[in-house]
Amino acid sequence: MSIPYRQIHLDFHTSECIEGIGSRFSRENFKAALQAGHINSITLFSKCHHGWSYHPTKVNLPHPHLCCDLLDEQLAVCEELGVRTEIYISAGLSEQYAIRHPEHLRRDKNGYGGNFDTEAGYHRLCFGTAYLDQLAAEIEEMLTLYKGRFDGLFLDIIGMIPCWCPDCIKGMKERGLDPDSDADAWKYARVVYDRYTDRVAETVERIIPGLPIIHNDGGAIFQGRDIAFKNRGHFELESLPTGGWGYDHFPRAAAYARTLGRHFLGMTGKFHTTWGEFGGFKHPNALRYETALANACGARCSVGDQLHPDGEFDLATYNLIGAAYKEVEAREPWLIDSHLTADIGLLSAENFRNICPGALPDGIKQDLGANRIMLEGHYLYDILDPEADFSKYRLLILPDTMEIPAGDLRDRLNDYLTKGGKLLLTGRSGTYGGQFVFDFGVDFGGEGEFRPSYLKPTYDLKPNGNTSYVMYSRNYRISFRESCVSLGHPVLRMDPYFNRAPRRFCSHQHTPYDRTTVADASIITPSIAYIGWEIFSEYADKGAVHLRNVVTDVIDRLLGENKTLTTNLPTCGVTSVAVKKTDTGTQLIHQLVYAIPKVRGNSVEIIEDLPFTPDVTCSLVVSSVPKRVYLAPAMTDLPFTYENGKVSYTVPSFSCAEMAVIEM
């Protein structure tokens, strides 16, 4: 199902202590906001976190000071303008219901579900209680009242989390599960989650068959395809950079979402910080960048706002949004029906952990560091789960801690290698039971005893040359058999004189390297490369440039001439290439976005200035001589050359975002 590119996610969580709800709403004001914002899709509210409905209801309680059927009024304007709509219901929160039914609260292992007298905030409800019947009735009523007038159902505050309320304890015992066992509590949480999603799907299908359903749980997308596909229709990835997610989060989520065969959008916010910030505005340049970033990552856009209790839309907010969405609208002719291409598949350690519990330690640092290196190295990549089609990729990366037990995944990876694919392994990835599971002439020696250790490149490693670099992550020993076909040993390892201890230490931090301990720490073979540190996790922690450059040097040697894109875009830039079929041939759509986030205040990542890039040189592998290369939407032709299967061109200096189109 195709969804628009310019959506608003409109919150309206409104206390019963405020009067005149909707008293200043006018269709003219709402229409002006939608038009100023260049908006073609919006999520409207049926029920908020406080638990109130904003339309007539027989199964719930309307807000006690509601002045009109606010949902009906807003739908009428959207129908007039042809704006797509979703309807929002707060599923996991309903404060007025929680106050009346504390027995239905989600409770922790100690039985605590919150204190209404001392906590100014919402209290989570449990879907394993009779509250699920109440929620289903609210959904059914809304679907019936407004059938045919909206295009999707958005259910918020969803999550598969353990609960020890009386109903859940009883349910665990009935299934032979031990409430004192965290593992059993998680098993029952899945039972409750499935019961919830099945009940919602049955209710929706009975009234509006096929209606898209969004279960908003930020982490669900990495919990396995069976969980992700509980969403019906498309994905909405909540990721407010200034609200704690940061600017790294969305590109990582998008890199996985785009492998699942569905449209998806990136949900940011207009707020300086996060949801519920009345009077908070991010700089217009930040929103321009965030929407361009979403497009470059293959996503549609959604911007979060919160309506004032009196119902009057703030036109300053929609002028802010409109400045960004006007640019999205101009890009849409090239974005619609295009699909990002990729050289590299990065297997997600987070996803793998959720599918194979116990195979990996907790933590997703390796995913974070690897994704950051993919972005800064300007690689065309996707993030994969074990069910993905590996044959699409020239190289697969297994980061740091991805041990591979015998079974389908190991078999499929070996088949991938047999058919010419290549692997990059780091740390203990690609091992199981203390041995490499792939035969490339290398023996695994286990974890080294010293930490930190030191990395010694065998070449002029940028930017500081051939010297010794401290490595804080765990290191691993390797040795080579005679059968090993080596194409190079990029880096060696040196150990310190000793590990730091109370009566055996040196200097302020750690012991220096012992030059007599040089040993092999890496290898590149025709099909597999290995680096003997948890280097991606360390990059997430430390961000040292030599870590990234070791990895990118190895990747570039593995890809060789098969690397699709080469560019000198600065490392803070993000780039992608999409393929679009047209009536006259094929378009390759090269998107480039650039900004430098700053940390201000209490760790809030801010974008205010959008500096200009230098001229950006680009080289792209293509199937034949292009007909034309130009900038879109400006339609400015770019000079280009074609040689040895590559088209080369220069994107002139730009600010925020640029798009080059190669017509084949």
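In what follows, every heavy atom counts, from backbone to side chain, and hydrogens, waters and symmetry copies are set aside.
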What distance do Arg288 atom CZ and Lys282 atom NZ have between them, rounded to the nearest 0.5 Å?
14.0 Å
Flag this pair as yes if the NZ/CZ of Arg372 is under 6.0 angstrom from the six-membered ring centre of Tyr539 and inside a 45 degree cone about the axis; otherwise no.
no
Side chains of Asp389 and Thr259 in contact at under 4.5 Å (non-hydrogen atoms)
no
CZ of Arg225 to CD of Glu387: how many Å apart, nearest 0.5 Å?
5.0 Å
Given the rule in the side-chain hydrogen bond (donor to acceptor under 3.5 Å, both in side chains) test, do Gln591 and Asn295 qualify, once you have shown the distances and angles that lead to the verdict?
CA-CA 8 Å; Gln591 294 189 74; Asn295 292 163; 6.0 Å; no
Run the side-chain contact (heavy atoms from CB on, under 4.5 Å) test on Tyr432 and Ile404 for me, step by step, so that the C-alpha distance in whole Å, both residues' side-chain angles and the decisive distance to 0.1 Å come before the verdict.
CA-CA 6 Å; Tyr432 198 74; Ile404 310 296; 5.6 Å; no
Verify side-chain contact (heavy atoms from CB on, under 4.5 Å) between Ile397 and Leu347, making sure each step is shown before the conclusion.
CA-CA 6 Å; Ile397 298 176; Leu347 269 73; over 6 Å; no
In terms of heavy-atom contacts, Val491 and Pro457 come closest through CG1-CA, 4.0 Å
Any side-chain heavy-atom pair of Arg394 and Thr564 under 4.5 Å
yes
Salt bridge Glu534-Lys365, side-chain N to carboxylate O under 4.0 Å:
no
Looking at Asp182 and Lys109, is any side-chain nitrogen of the basic one under 4.0 Å from a carboxylate oxygen of the acidic one?
yes
Heavy-atom closest pair, residues Ser468 and Lys456:
OG-CD, 3.9 Å
Taking all non-hydrogen atoms of both residues into account, name the closest pair between Phe250 and Cys297 and its distance.
CE2-CB, 3.9 Å
Do Thr650 and Asp615 meet the criterion of a side-chain donor-acceptor pair at a distance under 3.5 Å?
no
Are Tyr469 and Asn464 close enough, and set up right, to give a side-chain hydrogen bond (donor to acceptor under 3.5 Å, both in side chains), and what steps lead you there?
CA-CA 10 Å; Tyr469 297 87; Asn464 294 309; 4.8 Å; no
Are His590 and Thr575 side-chain neighbours, meaning at least one heavy-atom pair lies under 4.5 Å?
yes
Return yes when atom CZ of Phe505 has more than 12 non-hydrogen atoms of other residues, nucleotides or ligands closer than 6.0 Å, and no otherwise.
no
Would you check if Asp248 and Leu368 make a side-chain contact, meaning some heavy-atom pair closer than 4.5 Å?
no
Fit a plane to each ring of Phe222 and Tyr256, take the angle between them on a 0 to 90° scale, and name the class: parallel (under 30°), tilted (30 to 60°) or perpendicular (over 60°).
parallel
Can you check whether Asp343 reaches Asn562 side chain to side chain, under 4.5 Å on heavy atoms?
no
Is the closest side-chain heavy-atom distance between Asn371 and Tyr381 below 4.5 Å?
yes
Does the ring of Phe450 carry Arg477 above it, NZ/CZ under 6.0 angstrom from centre and within 45° of its axis?
no
Nearest non-hydrogen partners of Pro570 and Tyr594, listed with the distance:
CB-CE1, 3.6 Å
Nearest heavy-atom contact between Pro597 and Glu605 is CB-OE1, 4.1 Å
From Arg493 atom CZ to Ile531 atom CD1, the distance as rounded to the nearest 0.5 Å:
14.0 Å
Quick one: CD1 on Ile344 to CD1 on Ile555, what's the gap to the nearest 0.5 Å?
4.5 Å
Kindly say whether the aromatic ring centers of Phe436 and Tyr530 come within a distance under 6.0 Å.
yes
Of the non-hydrogen atoms in Ser453 and Asn475, which two are nearest, and what is the gap between them?
OG-ND2, 3.5 Å
Value rounded to 0.5 Å, distance of NZ in Lys422 from CG in Leu417:
11.0 Å
Would you indicate whether the side-chain heavy atoms of Arg481 and Asp439 approach each other to under 4.5 Å?
yes
Start with the C-alpha gap between Thr242 and His272, add the side-chain angles, then the distance that decides, and say whether side-chain hydrogen bond (donor to acceptor under 3.5 Å, both in side chains) holds.
CA-CA 6 Å; Thr242 58; His272 173 68; over 6 Å; no
Main-chain N/O of Pro490 paired with Arg557 side-chain donor or acceptor, under 3.5 Å:
no
Between Trp533 (side chain) and Ala521 (backbone), is there a donor-acceptor pair under 3.5 Å?
no
Tyr454 and Asp514 side chains, donor-acceptor separation under 3.5 Å:
no
Arg252 side chain reached by Asp367 side chain, heavy atoms, under 4.5 Å:
yes
Quick one: do His249 and Ser239 satisfy side-chain hydrogen bond (donor to acceptor under 3.5 Å, both in side chains)? Show the steps, please.
CA-CA 7 Å; His249 177 268; Ser239 182; 2.9 Å; yes
Once rounded to the nearest 0.5 Å, what's the spacing between atom CZ of Arg515 and atom OH of Tyr497?
7.0 Å
Between Lys419 and Asp415 (salt bridge meaning N to carboxylate O under 4.0 Å), is one present in this structure?
yes
